[in-house]
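Remarks on the structure that follows.
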Amino acid sequence: MVAGSDRRGPGQMSNETPMSRHHTRHVHPDPPPDTDLSAAVAALSADSGPTVIVACHDCDLLNRLPGQSTATILCARCGAVLRRSKPNSIERSLALTLCGLILFVLSNSFPFLAMKTGGFIQETTLLTGIHELWKQELFGLATLVLLTCVLVPLAQMTGLLYILAPLHWGRRPAPFAARVFRLVQEVAPWGMMEVFMVGILVALVKLGHMATIVPGVSVFSFGTLIFVMAAAFTTLDPPLLWDRLDLRR
Amino acid sequence: MNGSAVTARRLGLINCHDCHLLVEAHQVAIHPRCPRCGAHLHARKPNSLARTWALVWAAIILIVPANVLPITITSALGTKQADTIMSGVIYFMQTGSWEIAAVIFIASVFVPFAKLLILVFLLLSVRCRTAWRPKDRTTLYRLTELVGRWSMVDIYVVTILVALVKLGAVATIEAGPATVFFASVVVLTMFAAESFDPRLVWDVIEEDA
Ligand SMILES: [Zn+2]
Ligand SMILES: [Zn+2]
């Protein structure tokens with residue numbers, strides 16, 4: 001039950017925020033650090049006032065962050081972003097996620113491209129496109145497109161809704177919320193809607209040489225969805241959420 | 001500076017990969033999960049170098065058929081035309097859509113090759129235990145993580161073409177065998193970037209200092 005960073009050592013080394021006060025405890029590093037390290041830790045925690053010690057995810061350097069700050073803080077050694085200030089993050093991300101879900105339903109209900117050649121009109125939605133790949137026995141590709149453009153974005157949005165809604169309405173976090181948030185973060189690289197949008201634009205130009213192409217409602221709702229989702233994730237404040245979802249409460 | 005850097009590992013702490021909580025290593029030895037978010041904890045990504053090498057080699061092998069075999073097969077009015085990734089780029093250049101040619105060239109040719117080269121370079125630099133510009137190498141790593149996904153553009157273009165152009169006798173577009181190889185290259189390089197641990201770049205410098 002003891003976590004290294006939620007503690008207030010002799011040198012005021014702490015990542016305490018008002019919300020995590022119940023979990024602080026004294027700590028005596030084991031084995032005791034050599035003098036070199038103690039001096040370095042003392043230097044890290046020289047200032048009084050609430051500070052947070054975090055390890056950089058890219059180079060493992062321990063950095064001291066001020067408890068309250070509106071600045072973006074970079075790792076002192078490798079330049080990775082350690083923290084960004086995000087005011088009203090829960091409300092903003094929640095609003096954007098709801099908006100995203102509506103746009104997602106719209107995008108998948110209407111055709112995104114229609115093609116006219118002679119008397120034929122061929123319409124495609126995202127899901128019929130995937131079905132077409134499946135019929136051509138390209139099962140791997142169909143699955144990949146389904147995952148990256150439909151299932152992963154949907155999972156991210158419903159996951160965020162599941163985490164944020166109870167927090168916003170002032171209730172306890174939903175059951176398994178920490179696990180859901182971990183999943184939302186881990187699948188993030190596999191959501192590729194913005195890449196798909198570029199694919200649509202390239203296909204438009206390519207087919208423009210062969211036939212008349214009419215962009216459907218879906219292209220516009222999809223384009224908006226990409227910006228809304230990007231905004232929902234930019235306004236998200238993971239350190240704050242981890243503090244609220246803490247499994248030890 | 002590097003020799004005296006205070007890292008989490010030197011203080012016997014493990015940084016949770018998911019929620020960035022610092023947990024004492026001896027606690028992790030007893031209970032391997034993060035007390036705050038429940039993730040599995042490791043000081044470094046397990047078997048990072050071996051896994052990354054394996055994924056990179058697989059991608060290097062598959063990138064050959066991905067570029068040599070046709071990615072689309074267009075049949076129009078009785079004639080069949082097979083296009084590779086490069087012949088698609090050339091087609092766009094010849095028809096004057098050079099922006100599209102540039103997008104496809106960068107996403108489908110330049111990014112996958114550059115990403116593999118960077119990963120091989122990072123792996124070799126860790127193996128040689130070089131102290132050369134660790135900050136720039138970390139930036140290179142972050143870049144490969146960021147741009148890899150854009151290689152999927154061509155796969156999506158093929159999906160849309162295949163779905164849209166099936167006008168029976170007039171014209172059809174089929175996905176060629178290269179699509180499977182190319183998609184595998186993109187997925188493998190994404191996993192490879194995932195499994196590489198950039199902290200190894202800094203570890204070898206600290207160990208040697
Ligand atoms: Zn760093
Ligand atoms: Zn954690």
Side-chain angles (χ1 to χ4, degrees), chain A residues 1-5 29-30 33 36-37 40-41 44 53-55 57-62 77-80 113 115 117-118 120 122 124 128-130 132-133 136 138 140-141 144-145 148 178-179 182 185-186 189 192 195-196 198-200 202-203 205-207 209-210 239 242 245-248, chain B residues 4-13 15 17-24 26-27 35-39 92 95 97 100 103-104 134-135 138-139 141-142 145 149-150 152-153 155-157 159-167 170-171 174-175 179-180 183 187 190 194 198-199 201-203:
Chain A
M1 283 298 290
V2 185
S5 77
D30 177 33
D36 219 24
L37 280 180
V41 172
L44 270 174
I53 304 282
V54 296
H57 42 88
D58 279 351
C59 78
D60 212 33
L61 185 77
L62 292 173
R77 182 162 72 164
C78 78
L113 292 178
M115 182 169 122
T117 37
F120 290 98
Q122 183 77 45
T124 309
T128 56
I130 293 166
E132 198 60 38
L133 283 182
Q136 293 195 12
L138 296 163
L141 280 187
L144 190 62
V145 178
T148 54
R179 189 179 294 177
R182 225 159 17 98
Q185 288 192 323
E186 275 166 14
M192 303 191 190
V195 184
F196 187 74
V198 174
I200 293 178
V202 172
V205 176
K206 195 161 190 168
L207 289 171
H209 298 298
M210 296 168 62
W242 282 123
L245 301 178
D246 200 323
L247 289 173
R248 294 163 298 180
Chain B
S4 61
V6 183
T7 61
R9 192 171 71 159
R10 281 190 81 191
L11 286 193
L13 298 170
N15 187 17
H17 191 70
D18 285 284
C19 76
H20 297 258
L21 182 73
L22 288 168
V23 187
E24 287 165 32
H26 65 87
Q27 295 283 340
R36 178 158 71 178
C37 76
F92 276 119
T95 52
S97 330
I100 300 291
V103 167
I104 298 190
K135 190 174 172 179
T138 313
T139 309
Y141 171 73
R142 281 198 285 269
E145 263 193 321
R149 54 205 280 104
W150 289 96
M152 284 292 282
V153 164
I155 296 295
Y156 294 142
V157 173
T159 310
I160 296 163
L161 294 182
V162 164
L164 210 52
V165 189
K166 38 165 190 179
L167 299 175
V170 186
E174 279 173 67
T179 46
V180 176
V187 171
M190 281 183 70
E194 236 280 326
R199 290 169 294 189
V201 164
W202 300 89
D203 284 350

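Reminder, nothing fancy here: chain letters follow the sequence lines and each chain counts from 1.
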Sub-4.5 Å side-chain heavy-atom contact between B:Arg142 and A:Cys78: yes
Testing the basics here: between B:Ala8 and A:Ala55, what is the closest heavy-atom pair and its distance to 0.1 Å? CB-CB, 3.8 Å
Assert top hit (heavy-atom pairs under 4.5 Å, partner chain B, pool A:Val195, A:Leu138, A:Thr124) equals A:Val195
Under the salt bridge (charged side-chain N to carboxylate O under 4.0 Å, His left out) rule, what do B:Arg199 and A:Asp58 come out as? Steps first, then yes or no, please. CA-CA 6 Å; B:Arg199 290 169 294 189; A:Asp58 279 351; over 6 Å; no
Looking only at heavy atoms and a cut-off of under 4.5 Å, which of B:Thr95, B:Asn15, B:Asp203, B:Val103 has the most pairs with chain A? B:Asn15
So do the side chains of B:Ile160 and A:Ile200 get within less than 4.5 Å of each other, counting heavy atoms only? yes
Check whether A:Leu61 gets within reach of chain B through its side chain, its backbone, both or neither, counting any heavy atom under 4.5 Å. both
Proximity of B:His17 and A:His57 rings by center, below 6.0 Å: no
Ignoring hydrogens and geometry, is there a side-chain-to-backbone donor-acceptor pair from B:Arg9 to A:Asp60 under 3.5 Å? no
Under 4.5 Å from a heavy atom of chain B, the part of A:Leu113 involved: both
Of all residues at least two apart in sequence or in a different chain, which pass the ring pair (Phe, Tyr, Trp, His ring centres under 6.0 Å) check with A:Trp242? A:Phe181
One option among A:Val205, A:Ile130, A:Leu245 has the most heavy-atom pairs under 4.5 Å with chain B, and it is A:Val205
What part of B:Val153 gets within 4.5 angstrom of chain A, counting heavy atoms only: side chain, backbone, both, or neither? both
Option from B:Thr179, B:Val162, B:Thr159 for which side-chain contact (heavy atoms from CB on, under 4.5 Å) with A:Leu141 holds: B:Thr179
Determine, stepwise, if the pair A:Met192 / B:Tyr156 fulfils side chain to side chain contact (heavy atoms under 4.5 Å, CB included). CA-CA 10 Å; A:Met192 303 191 190; B:Tyr156 294 142; 3.5 Å; yes
Does the side chain of A:Asp246 come within less than 4.5 Å of B:Arg36's, by heavy atoms? yes
For the pair A:Arg77 and B:Lys135, evaluate side chain to side chain contact (heavy atoms under 4.5 Å, CB included) and give the outcome as yes or no after the intermediate values. CA-CA 7 Å; A:Arg77 182 162 72 164; B:Lys135 190 174 172 179; over 6 Å; no
Show the numbers, then the answer: is there a side chain to side chain contact (heavy atoms under 4.5 Å, CB included) between B:Leu22 and A:Leu62? CA-CA 10 Å; B:Leu22 288 168; A:Leu62 292 173; 3.9 Å; yes
Heavy-atom distances under 4.5 Å only: say whether B:Thr138 touches chain A with side chain, backbone, both or neither. side chain
For B:Ala163 versus A:Gly129, what's the shortest heavy-atom pair and its separation? CB-CA, 3.3 Å
May I have the step-by-step check of side chain to side chain contact (heavy atoms under 4.5 Å, CB included) for A:Lys206 and B:Phe92, ending in yes or no? CA-CA 8 Å; A:Lys206 195 161 190 168; B:Phe92 276 119; 3.6 Å; yes
With the side chain counted from C-beta on, respond yes when A:Val198 and B:Met152 share a heavy-atom pair under 4.5 Å apart, and no when they do not. no
Please check: side-chain N/O of B:Arg149 versus main-chain N/O of A:Pro189, any donor-acceptor pairing under 3.5 Å? yes
Looking only at B:Val187, B:Asp18, B:Val157, B:Val201, most heavy-atom pairs under 4.5 Å shared with chain A are made by B:Asp18
